[in-house]
Amino acid sequence: MIKRNYILSFLIIFCFGLTTSIGAQAIDRNLLERIQKERAKMEIEEKRPEEIKERIIPVPMEVEPLSTIEKMFKERYFITPDRIKLKSIRDSLLEVVKTESLKIEIRKQIAPVDSLHPSDTSYFKLKSRLSKIEKELDLTTITLKQFGYNMFQATIHEISSFIPLAEDYLLGPGDELVIEVSGQMNESWYKRIDRDGKIVLPKVGQIALWGKTYKETKELIDNALRKEFTNIQVNVTLGELRSINVFILGEVKNPGLYQMIALSDPLSALYNAGGAKKSGSLRMIKHISSKGKTTSFDLYNLLIKEKILPRIQLETGDIIYIPPVGEVAGLTGAIIRPGIYETKGLNDLHDIIKMGGGMLPIGGTFRVQLERISSGERKIITDFRFQSEEEFKSKIKDITIRNGDLIEVFEISPLRHDYVEIEGNVERPGTYGLEKGMTVFNLIKEAGGLKEGTYFDRAELLRYRGVLNPEIIELNLTELMNEDVEENIRLKEWDKLKIYSIDDILEKFTVTINGTVRHPGTYPLSPEMSVDDLLFKGIPLQSALEEAEFFRIDPIKGITIRTINITDSSDLKIQLHPMDHILIKKKQTYREVGYVYLLGEFIYPGSYPIKSGIPLKDLVERAGGFTEDAYLEGVRFIRKSVADIQNRAIQNLIREARLRLLSERRYEFEEVKSAEDMSTQLRYLFGNQERLEKLNKMLNPGRVVINLTDPNQLNIPLEDGDTLIVPKLPKTVQVIGQVYNPTAITYGEGLTLKDYLDMAGGPKKTADKKEIYVRRASGKVVKDPREIKPGDTIVVPEKVKIGRDFWEIAGVAASILYQISVAILAISTFTK
């Protein structure tokens, strides 16, 4: 029995996990990336071969581990704005998490376990967010990378054998020639150069072409044919090109023997082999021909100097060899292209900085720092300072760079100079350049002058004195505008002028009107504002009493409350004081008026105005009574006041369920040891919390059980907002819950509860047969009913054993949600 409960709980939790997979992706980024990769792979497999060639689907590239060279410069990274922002958020979150954790510990000591505070949910959310911030922070730490090696990350297609050829292409065995002759004779021959490097033509014989250029080949064939034939035109083109085998060795990702067409050059051959490893040199790549000739080429000439690489035509047996990387130096700081560069014996600092694209405009020439490994024992920092760019260029030649050096170019100070600021009640507040002899009056004029409502008695000039708090210099704008020389102070660098408005300085007073008015609210107190002015803003309604309540706070007399007449001219002229409050009351007659909604099987359904407290039967008579199809036992009577009470009760019930879930999960969180476990626990917790919120929104109670077949029930007094819905006679019975086929069954007179359960497949093994109940169409709940009526709903709940281990706790949590869901489903079936 216990095993069955375990299996049941596992299945329920598995279903919950599926529904929360979308939310889980936001927590687990690795899971999202795996799903995206699988989706991209499926899309590729579904396409036809020709469509695959036309559409290239990018696949996220895996993060390449650091090479041994990059690890040597590992500690030097770029401080990006994103990293600074994330670090600030991370530090703030840490403090909040510590505070929330302390609150939980205190509540655990002074409160019972099942009274967990709802804010504990925020603790788990903060922990999850903190984990995500930490991962993003790691991504913003960008270590220095070796320059040039990322060029091999892209893949290239095989070079076509039908592209135009250069005239100096060398022919060899396997190349195919297409020879077309027109004029006195018309012939076409496809000739492939044999192993001896020859072709045979009719009446011409053998022609040796091995080692000849394409240009020489065309001339040889043309001359040979013209000796045998006259008045002809000869056209020689190349068909399929021969394949060659080339060895790619050394520090490459996939060394070995590669077959390629003869048009391939060393660079395309390296692409086929995956490119050079970061332990290999990009500056001393060697091509060793089958004849023993060695040629070296430098990829930096292409990547930095934009020079074309030497043309090398590969032959079978050639070797491309990449030796180990040579001496390197790192460039960081205010450099256009920071990175790790292979110096190839270059020791001039100027050339190395130029290799990185040069300095950024914010890179100062006044300080360059050199980090060097001294005698293989320790790192030494040396700063080089210069007073001008000319001095930098002249002295830089004396700085020699060694293998493993790190050069950092420091940025100039971000502090701005030669400016002043003005803010406040002026036309164009902002920053302005400080001109020689500039005064306060000049700055105000530059900012477009003062705006209306300026406070003239005081302005402030904040002056920087080299300390945290600036010096405050008071100014009188009235005297300043009258050209007072003492007030017109000469400005200094970084001065800030603050101009205040009257609203900034003087207290703002308000008055309030509410009650039976069209525009209730708080309004600014204007000079000489009267009661009549405030009434004009609020606009009393027709239902308002003439007598209103006038509330006033007097500094001397204290609080006074009096009655005024809003139609009396003398009361309307009362001058208002700060914080006066007028309450307009509603006439008693209008308070008794309400509306009741009659829907469904009435002769005249609709919205009816009523006097509160009249009996229901009077309103039914006004609506003409019921139709012949009215099903009075299934009447739904909904009342607003009851809905408010029921809503509060249900929210308390859901809150208790939420607290119990959090309480049980707390012990599981304390045992979490990995980020993956934390993610799983959070998905489970947030999934259940989300379902409880949805259940809370779905519940819309307020129904009062009523039976209109009982004459006494027609005397119920009505209230404003009541709704009475009379359905047609239903012809079905709903069976829901733990049965094999939950469904609606056609009502049959005389059928019993057992009959309907049998027609629904019977109760499952997980059903609690003792707790089966019937909810009547009227909303009344009956256990062990003697008869089943049209519109009834038979509810078969689940039997759950309460335990304390993880799977039993999960089963209890699932059962709580299940029972609430069943209740909602039951409500929905009889409210339709």
Side-chain angles (χ1 to χ4, degrees), residues 49-50 52-54 155-248 257-272 287-295 297 302 307-320:
E50 58 272 16
I52 294 176
K53 293 179 181 178
E54 295 175 358
T155 57
I156 61 171
H157 299 286
E158 184 179 354
I159 299 175
S160 172
S161 59
F162 297 100
I163 63 174
L165 295 176
E167 294 289 328
D168 58 351
Y169 172 73
L170 298 177
L171 276 70
D175 285 336
E176 184 184 53
L177 294 172
V178 180
I179 304 170
E180 296 178 345
V181 182
S182 60
Q184 187 177 2
M185 60 177 294
N186 294 301
E187 293 288 345
S188 293
W189 298 301
Y190 289 83
K191 299 294 181 179
R192 190 176 297 276
I193 301 176
D194 60 22
R195 293 183 179 180
D196 295 329
K198 301 176 182 178
I199 62 171
V200 179
L201 295 179
K203 295 186 178 181
V204 174
Q206 294 183 346
I207 302 178
L209 299 177
W210 194 347
K212 302 295 184 182
T213 65
Y214 179 40
K215 181 179 180 181
E216 292 172 343
T217 298
K218 290 191 293 183
E219 293 176 353
L220 282 172
I221 295 175
D222 184 77
N223 293 334
L225 287 173
R226 289 183 183 278
K227 289 181 180 178
E228 301 296 332
F229 305 100
T230 58
N231 298 326
I232 60 171
Q233 297 293 327
V234 179
N235 183 36
V236 179
T237 58
L238 278 171
E240 294 184 5
L241 301 180
R242 67 184 185 275
S243 296
I244 58 174
N245 295 319
V246 176
F247 291 94
I248 305 177
L257 179 64
Y258 287 85
Q259 186 181 60
M260 56 194 70
I261 64 173
L263 277 178
S264 301
D265 56 19
L267 188 57
S268 61
L270 284 175
Y271 269 100
N272 288 330
H287 167 249
I288 305 172
S289 69
S290 56
K291 298 178 182 178
K293 182 181 178 182
T294 300
T295 305
F297 58 95
L302 174 64
K307 293 182 178 180
I308 299 175
L309 297 178
R311 174 172 171 76
I312 300 174
Q313 183 173 327
L314 299 179
E315 297 287 348
T316 294
D318 284 1
I319 298 173
I320 298 174

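Just so you know, these numbers use all the heavy atoms, side chains as well, and skip hydrogens, waters and symmetry mates. Remember, predicted model here, so these are calculated numbers, not experimental data.
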Spacing of [X] atom [atom1] and [Y] atom [atom2] [to the nearest 0.5 Å]:
| X | Y | atom1 | atom2 | value |
| --- | --- | --- | --- | --- |
| S243 | D175 | OG | CG | 9.5 Å |
| Y258 | L270 | OH | CG | 10.0 Å |
| T295 | H287 | OG1 | NE2 | 6.5 Å |
| Y271 | D265 | OH | CG | 10.5 Å |
| E176 | T237 | CD | OG1 | 9.0 Å |
| Y190 | I179 | OH | CD1 | 11.0 Å |

Quick one: does any side-chain atom of [X] pair with a main-chain N or O of [Y] as donor and acceptor, under 3.5 Å?
| X | Y | answer |
| --- | --- | --- |
| R192 | G174 | yes |
| Q313 | L170 | yes |
| E216 | T213 | yes |
| S264 | M260 | no |
| D194 | D196 | yes |

I want to check something: taking the side chain as every heavy atom from C-beta on, are [X] and [Y] in contact at a cut-off of under 4.5 Å?
| X | Y | answer |
| --- | --- | --- |
| V236 | V178 | no |
| T217 | L177 | yes |
| I199 | I221 | yes |

So, is the end of the K218 side chain (NZ or CZ) under 6.0 Å from the ring centre of Y214 and within 45° of the ring's axis? yes
Could E315 and R242 be called an ion pair, given the rule that one side-chain N must be under 4.0 Å from one carboxylate O? yes
Crowding at CZ, F247 (>12 non-hydrogen neighbours, <6.0 Å): no
Residues, nucleotides or ligands: over 12 heavy atoms within 6.0 Å of K191 NZ: yes
Do you know which two heavy atoms are closest between A269 and I320, and how far apart they sit? CB-CD1, 3.6 Å
Looking only at heavy atoms, what is the nearest atom pair of P266 and I312, with distance? CD-O, 3.7 Å
Anything under 3.5 Å between a donor and an acceptor, one on a side chain of residues 200-211, the other on a protein residue two or more places apart or in another chain? List them.
none

Criterion side-chain contact (heavy atoms from CB on, under 4.5 Å) on Y169 and L171, from CA distance to verdict: CA-CA 6 Å; Y169 172 73; L171 276 70; 3.8 Å; yes
Given N186 and V181, is the side-chain contact (heavy atoms from CB on, under 4.5 Å) satisfied, shown in steps? CA-CA 5 Å; N186 294 301; V181 182; over 6 Å; no
Quick one, L309 with L267, criterion side-chain contact (heavy atoms from CB on, under 4.5 Å). Give me CA distance, side-chain angles, the key distance, then yes/no. CA-CA 9 Å; L309 297 178; L267 188 57; 4.2 Å; yes
Intermediate values then yes/no, side-chain contact (heavy atoms from CB on, under 4.5 Å), L257 and V246: CA-CA 6 Å; L257 179 64; V246 176; 5.8 Å; no
For residues 224-232, please give each side-chain donor-acceptor pair under 3.5 Å, one per line with the distance, not counting sequence neighbours.
residue : atom : partner : partner atom : Å
R226    : NE   : D222    : OD1          : 3.3
R226    : NE   : D222    : OD2          : 3.0
R226    : NH1  : I232    : O            : 3.2
R226    : NH2  : I232    : O            : 3.4
T230    : OG1  : Q184    : OE1          : 3.0

